[in-house]
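Note that the numbering runs from 1 along the sequence shown for the chain. All values derive from a computational prediction rather than experimental measurement.
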Amino acid sequence: MTEITYVRGDATAPQGKGVKVIAHVCNDLGGWGKGFVLAVSRRWPEPETEYRRWHRERAANDFGLGAVRFVQVTPFIWVANMVGQRGMRRGSKGVPVRYEAIDTALGAVADRAAGLAASVHMPRIGCGLAGGKWSRIEPLLERRLLSRGIGVTVYDQG
C-alpha cells in the first residue's frame, strides 16, 4: 500500500507530475470565506463560484453532507469541494467536522482520481476550522485512497 507524503508548502500549488485533484472540506451552509478556501479563491475563482451555485440550487441537486463537486481549474488540476462539516461553529453538538461525510466524499474522490489516473493533494482536511483530529482523518485516507494505489500528498503551511 502507498503511504501519505507529508510536505511543507501550499496545497494550491501541488507538487509532482500528472493530473492532480486538490481535495478540501466545505460546510453545508453555503459559507465560503475562511480557512483553506481563501487560498483556493486567490488562485482560481471557479471552485467558489461552483460551490455557491451548487448550494443555491441545492433543492434540485445532491448538495449535502458527503457530496462532492469536482471543478477543473487547469488542464491538469481539479478541485474537489467536499461537503464534510455541519455548520461552521463549535456548539452544543460539538465541532463541525463530520467524519462519515468526509469518508463518503473521499470515496467519490478516489473514484474520480482513479478515472483520471490522478494523485490527490490536500491540507490536513477537517482539522482547521472544522475542528477535527488528524488521527481520525488519516485512516480514512488510507482506506479510501491509499488502498487503491492512489498517491496522497498532505501539505502543511510554513
Side-chain angles (χ1 to χ4, degrees), residues 2-86 88 96-98 101-130 132 134 137-138 140-142 144-146 148-158:
T2 314
E3 290 186 2
I4 298 171
T5 301
Y6 291 91
V7 299
R8 291 219 176 275
D10 180 359
T12 67
Q15 301 173 8
K17 297 183 189 228
V19 179
K20 299 166 195 75
V21 175
I22 299 170
H24 71 103
V25 170
C26 304
N27 64 69
D28 66 348
L29 296 179
W32 182 290
K34 289 185 177 178
F36 182 71
V37 298
L38 295 177
V40 171
S41 290
R42 277 193 297 273
R43 198 166 292 270
W44 310 285
E46 299 90 351
E48 178 181 358
T49 301
E50 183 55 35
Y51 171 77
R52 291 187 185 281
R53 178 180 15 257
W54 187 29
H55 177 263
R56 189 173 51 252
E57 298 171 359
R58 66 191 176 279
N61 65 42
D62 66 344
F63 185 91
L65 288 170
V68 184
R69 186 61 57 100
F70 296 92
V71 183
Q72 189 169 16
V73 293
T74 76
F76 296 100
I77 299 177
W78 294 75
V79 173
N81 292 335
M82 305 186 304
V83 183
Q85 70 180 68
R86 165 95 48 214
M88 294 183 271
V97 70
R98 293 296 179 263
I102 292 173
D103 184 46
T104 299
L106 286 171
V109 169
D111 290 343
R112 178 62 62 100
L116 294 169
S119 54
V120 176
H121 303 257
M122 65 185 67
R124 290 188 188 241
I125 59 170
C127 297
L129 297 172
W134 190 247
I137 299 290
E138 197 174 42
L140 304 178
L141 299 176
E142 292 169 354
R144 292 293 191 168
L145 298 162
L146 301 179
R148 293 180 63 178
I150 297 166
V152 176
T153 303
V154 174
Y155 295 76
D156 289 313
Q157 282 288 84

Find out whether [X] and [Y] are in side-chain contact, i.e. whether some heavy atom of one side chain is under 4.5 Å from a heavy atom of the other.
{"X": "I22", "Y": "P14", "result": "yes"}
{"X": "Q85", "Y": "I125", "result": "no"}
{"X": "W44", "Y": "V71", "result": "no"}
{"X": "I137", "Y": "C127", "result": "yes"}
{"X": "R124", "Y": "Y6", "result": "yes"}
{"X": "T5", "Y": "Q15", "result": "no"}
{"X": "R69", "Y": "D62", "result": "yes"}
{"X": "L129", "Y": "M88", "result": "no"}

Open item on the list: Please determine whether side chain to side chain contact (heavy atoms under 4.5 Å, CB included) holds for the pair Y51 and V37, giving the CA-CA distance in whole Å, both sets of side-chain angles, and the decisive distance to 0.1 Å.
Closed with: CA-CA 11 Å; Y51 171 77; V37 298; over 6 Å; no
Task: Geometric class of the H121/Y155 ring pair [parallel <30°, tilted 30-60°, perpendicular >60°] - done: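 Tilted: the ring planes of Y155 and H121 meet at 30° to 60°.
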Task: Heavy-atom closest pair, residues A114 and I150 - done: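 For A114 and I150, the tightest heavy-atom pair comes out as N-CD1, 4.2 Å.
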Open item on the list: Run F70 and W78 through ring-ring contact (aromatic ring centres under 6.0 Å, His included) and show every step you take.
Closed with: CA-CA 6 Å; F70 296 92; W78 294 75; 7.0 Å; no
Open item on the list: Once side chain to side chain contact (heavy atoms under 4.5 Å, CB included) is applied, do any residues pair with R43, and if so which ones, sequence neighbours excluded?
Closed with: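 R43 satisfies side chain to side chain contact (heavy atoms under 4.5 Å, CB included) with D10, T12, A13 only.
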- [ ] Tell me, please, which residues at least two apart from H24 pass ring-ring contact (aromatic ring centres under 6.0 Å, His included).
- [x]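 With sequence neighbours excluded, H24 shows a ring-ring contact (aromatic ring centres under 6.0 Å, His included) to W32, F36, given in chain and number order.
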- [ ] Let me see the working for E48 and V40 under side chain to side chain contact (heavy atoms under 4.5 Å, CB included), right down to the final yes or no.
- [x] CA-CA 8 Å; E48 178 181 358; V40 171; over 6 Å; no
TODO: Under the side chain to side chain contact (heavy atoms under 4.5 Å, CB included) rule, what do R112 and V120 come out as? Steps first, then yes or no, please.
DONE: CA-CA 10 Å; R112 178 62 62 100; V120 176; over 6 Å; no
Open item on the list: Can a donor-acceptor pair be found, under 3.5 Å and without considering hydrogens, that links the side chain of N81 to the backbone of P47?
Closed with: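 Yes, the answer is positive, given that a donor and an acceptor are paired below the 3.5 Å cut-off.
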Task: Check: R58 side chain, H55 main-chain N or O, donor-acceptor pair, under 3.5 Å - done: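 The answer is yes, because a donor-acceptor pair under 3.5 Å joins these two groups.
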